[in-house]
S.K.: 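Dropping the structure in here first, questions after.
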2 protein chains.
Amino acid sequence: MKSEHIPKATIARLATYIQVLSEFKREGTDVVSSERLAEACAVNSSQIRKDLAYFGEFGVRGVGYYVQDLITSIKRSLGIDRAWNCGLVGVGNLGRALLRHREFPRKGFIIRGAFDCDPYKIGEIVEGMEIVCSRQLPAKVKELSLEIGIITTPPERAQRAANYLVGAGIKGIINFAPSRISVPSHIHLEYVDFFHHFYAAAFHIRFADHQE
Amino acid sequence: MKSEHIPKATIARLATYIQVLSEFKREGTDVVSSERLAEACAVNSSQIRKDLAYFGEFGVRGVGYYVQDLITSIKRSLGIDRAWNCGLVGVGNLGRALLRHREFPRKGFIIRGAFDCDPYKIGEIVEGMEIVCSRQLPAKVKELSLEIGIITTPPERAQRAANYLVGAGIKGIINFAPSRISVPSHIHLEYVDFFHHFYAAAFHIRFADHQE
DNA sequence: ACTGGAATGTGAATTTTTTAACAAAAGCTC
DNA sequence: GAGCTTTTGTTAAAAAATTCACATTCCAGT
Ligand SMILES: NC(=O)c1ccc[n+]([C@@H]2O[C@H](COP(=O)([O-])OP(=O)(O)OC[C@H]3O[C@@H](n4cnc5c(N)ncnc54)[C@H](O)[C@@H]3O)[C@@H](O)[C@H]2O)c1
Ligand SMILES: NC(=O)c1ccc[n+]([C@@H]2O[C@H](COP(=O)([O-])OP(=O)(O)OC[C@H]3O[C@@H](n4cnc5c(N)ncnc54)[C@H](O)[C@@H]3O)[C@@H](O)[C@H]2O)c1
């Protein structure tokens, strides 16, 4: 099929598929049907086939999908068949957790620069990386070819951090701070908000719709 | 209106509305129109009115919404007009960041229990809280009236952690580990997955659809 | 009290997403 | 290599979510 517009929900599901497929692979399963994958991901099987159809034809009729091949194909489809250099702004509690997280490099997102404005933190080494002054952002973005900026500053500083990143020539921003920020339209912006999951949990527990 | 089924997306947006409304409040704005709120949240204004209509009528025609009142109304609608006791399982990098995060208690999610299975961690004090052995989970869930479980163990341990939590009588689970888990249908389960945001960023940067 | 202006709440129209259904294709058996 | 079984890719149908459009309601000013 190979289509133009891809739903946001599809991207989120593809991430799940990769996760579950990786588990299948670890268990030694070589081939899965959309039916079986769907069950493990708690979605409908045509949903899976449709999601994949946006990007190409990856299965074999009458057989299913070869697990390793499908992982590779999805990764290529998403553009994560290569490494992405990331810069993290705001080395506090959350920033440190991200810096220390082994899964980032393993998944191809390599945090190459860590920036903070606090003079007590500058120069400190976290997970083998020296914390650098935010003012050096423009220089470092170029030097290290950083493409994705991660914002983990307090919310009131997020806009400033974004401005620095945009000015330095970053291509996408992932904002963990709970504040809306504005960036030029050619910069891709993602908000990460844990709290809505907590809200959703509270809501469903409180007003229990035990129907799903 | 007051409707039955509420879209997941609506819940996520309500979280955004609260965020933006809180900013308005801080700036001293008393009244907003759906138009102005929509602009700040980057959504359509009827979207906002429709989202709110699921829960009741909170505005004044010809005027707009009183900021503080609306915050209160949304919070009541979501069931976050009271505190929720949470228990966190797996006090590693991410678990610590969450424990130290001041925003949780401020938003009404109070982490009252921290559990780990590592004997070197048990007994340690983090943010004024003693890390307790996972085996004590059932006892503590009752003692502290924990309702929401937060899983921040490694992925291969997430199912076990969930089993403990469910057995102990928890009502909802928020899983930060990248693995699918199964729980009885009366337990509300939320997955938090940062990576799909990174995937989305990579995808959009790589195959730039500058049309959004 | 009456009028004009403004912005909500909501039914209808539109768009998007999900699910169902099935023809086409691949492998397996005999 | 024909027929049977299986499961994909895709088209059509259904469902859900979003946006439009406007009658309704409220406030302010006169
Ligand atoms: N900690 C969590 O678990 C958690 C969870 C969800 C969201 N968040 C959000 O993530 C952000 C960070 O949280 P945290 O707990 O790590 O906070 P933190 O206060 O521990 O860390 C913030 C860091 O940002 C640095 N900083 C401030 N302004 C800066 C600037 N202009 N340039 C560069 N660095 C700057 C500070 O020096 C500090 O090191 C916050 O917005 C928070 O709301 C945190
Ligand atoms: N660190 C991050 O930034 C980050 C980001 C996204 C997702 N995650 C996910 O969150 C989880 C935790 O990440 P982390 O970096 O904190 O890992 P970590 O290894 O630092 O921490 C895991 C903790 O869980 C404890 N644990 C293991 N099994 C347990 C059990 N059965 N009961 C109780 N405790 C147990 C371990 O002792 C350890 O303290 C992982 O699944 C990770 O993939 C982490």
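Residue numbering restarts at 1 for every chain, and letters A, B, ... go by the order of the sequence lines. All of these numbers come straight from a predicted model, not from anything done at the bench.
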S.K.: How about CZ on Arg180(B), more than 12 heavy atoms from neighbouring residues, nucleotides or ligands closer than 6.0 Å, or not?
M.R.: yes
S.K.: Going by heavy atoms in the side chains, are Ile148(B) and Asn85(B) under 4.5 Å from each other?
M.R.: no
S.K.: Assign each of Asn44(A) and Lys8(A) to its nearest nucleotide of DNA chain C by heavy atoms, then name whichever residue's nucleotide is nearer the 5' end.
M.R.: Lys8(A)
S.K.: Whole Å only: how far is the CZ atom of Arg13(B) from the C1' atom of dT18(D)?
M.R.: 8 Å
S.K.: Could you go through residues 71-79 of chain B and list every donor-acceptor pair under 3.5 Å that involves a side-chain atom there, pairing it with any protein atom two or more places apart or in another chain?
M.R.:
unit_1   : atom_1 : unit_2   : atom_2 : d
Thr72(B) : OG1    : Gln68(B) : O      : 2.9
Thr72(B) : OG1    : Gln68(B) : NE2    : 3.0
Ser73(B) : OG     : Asp69(B) : O      : 2.9
Ser77(B) : OG     : Ser73(B) : O      : 2.7

S.K.: Using a 4.5 Å cut-off on heavy atoms from C-beta on, say whether the side chain of Ile151(B) contacts that of Ile181(B).
M.R.: yes
S.K.: Over how many whole Å does the gap from Tyr54(B) atom OH to dG11(C) atom P extend?
M.R.: 13 Å
S.K.: Over how many whole Å does the gap from Leu52(A) atom CG to dT8(D) atom P extend?
M.R.: 10 Å
S.K.: Only counting residues at least two apart or in another chain, list the ones meeting side chain to side chain contact (heavy atoms under 4.5 Å, CB included) with Arg206(A).
M.R.: Asp81(B), Arg82(B), Trp84(B)
S.K.: Tabulate atom names and distances for all N/O pairs under 3.5 angstrom spanning the protein and nucleotides 13-16 of chain C.
M.R.:
none

S.K.: Pick the closest DNA chain C nucleotide for Glu35(B) and for Tyr66(A) by heavy atoms, then say which residue is nearer the 5' end.
M.R.: Glu35(B)
S.K.: Once you apply a heavy-atom cut-off of 4.0 Å, does Arg36(A) come out as touching a base, just sugar-phosphate, or nothing?
M.R.: nothing
S.K.: Under the rule for ring-ring contact (aromatic ring centres under 6.0 Å, His included), what residues qualify as partners of Phe198(A), not counting sequence neighbours?
M.R.: Phe104(B), Phe109(B)
S.K.: Given atom CZ of Phe55(A) and atom C1' of dG9(D), what is their separation to the nearest angstrom?
M.R.: 16 Å
S.K.: What is the distance, rounded to the nearest whole Å, between atom NZ of Lys50(A) and atom P of dT19(C)?
M.R.: 11 Å
S.K.: Among all residues two or more places apart in sequence or in another chain, which pass the salt bridge (charged side-chain N to carboxylate O under 4.0 Å, His left out) test with Lys142(B)?
M.R.: none
S.K.: Which pairs, protein N/O on one side and nucleotides 3-7 of chain C N/O on the other, fall under 3.5 Å?
M.R.:
unit_1 : atom_1 : unit_2   : atom_2 : d
dA7(C) : O4'    : Gly62(B) : N      : 3.1

S.K.: Check every atom of dT10(C), dT19(C), dG9(D) against the side chain of Glu57(A) and return the nucleotide holding the closest atom.
M.R.: dG9(D)
S.K.: Within a radius of less than 6.0 Å around CZ of Arg160(B), do more than 12 heavy atoms belonging to other residues, nucleotides or ligands occur?
M.R.: no
S.K.: What is the distance from CG of Asp51(A) to P of dT18(C), rounded to the nearest Å?
M.R.: 7 Å
S.K.: Rounding to a whole Å, what distance do you find between Phe58(B):CZ and dT25(D):P?
M.R.: 19 Å
S.K.: Given the ring of Phe24(A), does Arg36(A) sit roughly above its face, with NZ or CZ under 6.0 Å from the centre of the six-membered ring and within 45° of the axis?
M.R.: yes
S.K.: Just how far, in rounded Å, is P of dA21(C) from CD of Gln47(A)?
M.R.: 16 Å
